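These numbers were taken from a predicted model, which means no experiment stands behind them. Each ligand, and each atom within it, is numbered from 1 in the order the structure gives.
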Amino acid sequence: MKILSIETSCDETAAAVIQWENNQATVLANTVSSQVSLHAKWGGVVPDLASREHQKNIVPVIEETLDRASLTPADIDLIAVTEGPGLMPALVIGVTAAKTLALIWDKPLIGIQHLEGHIYANLLKPDTELRFPLLALVVSGGHTELVLLKDHFQYEILGETQDDAAGEAFDKVAKMLGLDYPGGPVVARKANAFRDNNNQSPIAKIQINSNNQNTKAKTGLFPRPMLDADNFDFSFSGLKTSVLYFLKKHEAEKEDEQFIDQVCHEFQEAVVDVLVSKTKKALDLYSPATFVIAGGVSANVRLRMELRNLIDTEFPTTQFLTPEFTYSLDNAAMIGIAAALRYEHMSDTDRALLMETYHTLEPNANLPFQNLV
Ligand code: KG4
Ligand code: ZN
């Protein structure tokens with residue numbers, strides 16, 4: 001089957017066409033129109049600006065996607081759209097476009113939860129199969145969660161952030177350092193530059209361990225919040241504040257590029273330590289057949305490397321999947337693949353209902369994972 005999918009939950013206007021056949025996905029076209037430069041001058045996404053931009057771009061992006069796939073509406077079997085979570089003024093544009101197409105093309109329409117899309121993005125790699133139970137570390141700009149799937153679309157949230165999401169912390173620390181939005185890729189690049197040049201850097205003399213009472217694990221300049229808490233929850237707000245206080249104490253060095261690189265490195269190490277330690281606890285307890293990372297922060301190379309080390313050394317029987325870099329960040333191909341699998345697991349009656357219920361689909365800014373009954 002061929003699925004046209006639409007994603008407008010944040011600041012990317014995205015559409016894709018996926019072909020799902022013999023348990024394999026082929027991405028026939030994947031278009032992402034980014035608004036990053038528009039929001040960069042505000043240091044973050046401005047919901048109303050995002051909405052206006054989606055409205056301008058949604059039709060051209062869908063047309064371009066169908067053109068690239070060399071398909072006409074008649075070739076499409078199913079329309080899929082991100083229903084939530086996300087920014088309401090942004091979601092509403094994608095959902096309205098999808099409902100309109102379902103009406104005029106007379107096609108079934110399915111709503112997909114955005115984070116579910118990030119998890120299923122792992123299936124966009126050729127010859128990949130999800131084996132259950134599956135543990136997912138979901139790390140995006142709005143969410144940080146450890147999620148257990150006993151089977152397809154059977155979700156249990158083991159733990160989540162009590163305040164900021166991991167990606168949000170990257171973005172806020174970047175802002176404190178005067179770096180570009182989105183902060184994640186920039187902070188990661190600078191952190192990696194520091195690691196590469198560590199020995200030559202005069203700033204490497206900065207005393208570490210200065211305010212690090214919050215961890216028994218690795219040491220560093222910044223705390224590892226909730227590392228020892230007996231649960232799978234996260235907290236990144238205190239870490240962000242400790243970066244802020246540290247920068248206030250080192251006002252003079254803020255112009256020094258190597259100093260900035262080291263702060264990025266120390267911050268990234270703190271985030272990665274916490275994510276890896278909590279993941280290890282969940283792997284120990286649930287012994288999943290598959291472990292995946294999902295969401296924008298899954299593009300972080302240092303995080304991937306540390307998780308790879310953990311799996312290889314301590315959980316060699318667990319299959320570890322990472323999304324291709326193109327599908328780590330927001331895109332519509334991930335919404336299409338999740339829709340293909342959901343559709344496949346639905347009863348005939350529920351599939352038939354999709355033709356009739358399309359007009360009742362509503363965006364939901366806080367949509368949780370939806371178990372398939
Ligand atoms: O999943 P995503 O594209 O959008 C949301 O659903 O939120 O995630 C975006 C987040 C941003 O906070 C961005 O800074 C972060 O992912 N991010 C990264 C990296 N690339 C993107 N964080 C750390 N390292 C990266 N390489
Ligand atoms: Zn996302």
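- Considering backbone and side-chain N/O of Ala188, none are found under 3.5 Å from N/O of ligand 1.
- Given atom 8 (O) of ligand 1, the protein heavy atom at minimum distance is Gly296 CA, 3.3 Å.
- For the pair Pro182 and ligand 1, the shortest N or O to N or O distance does not fall below 3.5 Å.
- Here His143 has no heavy atoms under 4.0 Å from ligand 1, in either its backbone or its side chain.
- For a distance bound of 2.8 Å, the N, O or S atoms of His118 include one lying that close to the Zn ion (ligand 2).
- The Zn ion (ligand 2) has an N, O or S atom of His114 under 2.8 Å away, backbone or side chain.
- Ligand 1 has no N or O atom lying under 3.5 Å from any N or O atom of Gly295, backbone or side chain.
- For ligand 1, none of its N or O atoms has an N or O atom of Phe170 under 3.5 Å away.
- Among protein heavy atoms, atom 13 (C) of ligand 1 sits closest to Asp171 OD1, 3.8 Å.
- Remark: ligand 1 and Ser328 share no N or O pair separated by less than 3.5 Å (distance only, no angle test).
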Donor-acceptor pairs are to be reported for all side-chain atoms of residues 177-189 against protein atoms at under 3.5 Å, with residues two or more places apart or in another chain.
none

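- Nearest protein heavy-atom neighbour of atom 9 (C) of ligand 1: Gly141 N, 3.8 Å.
- Nearest protein heavy-atom contact of atom 24 (N) of ligand 1 is Asn300 ND2, 3.0 Å.
- Contacts with ligand 1 closer than 4.0 Å are made by side-chain heavy atoms of His114 only, the backbone lying farther away.
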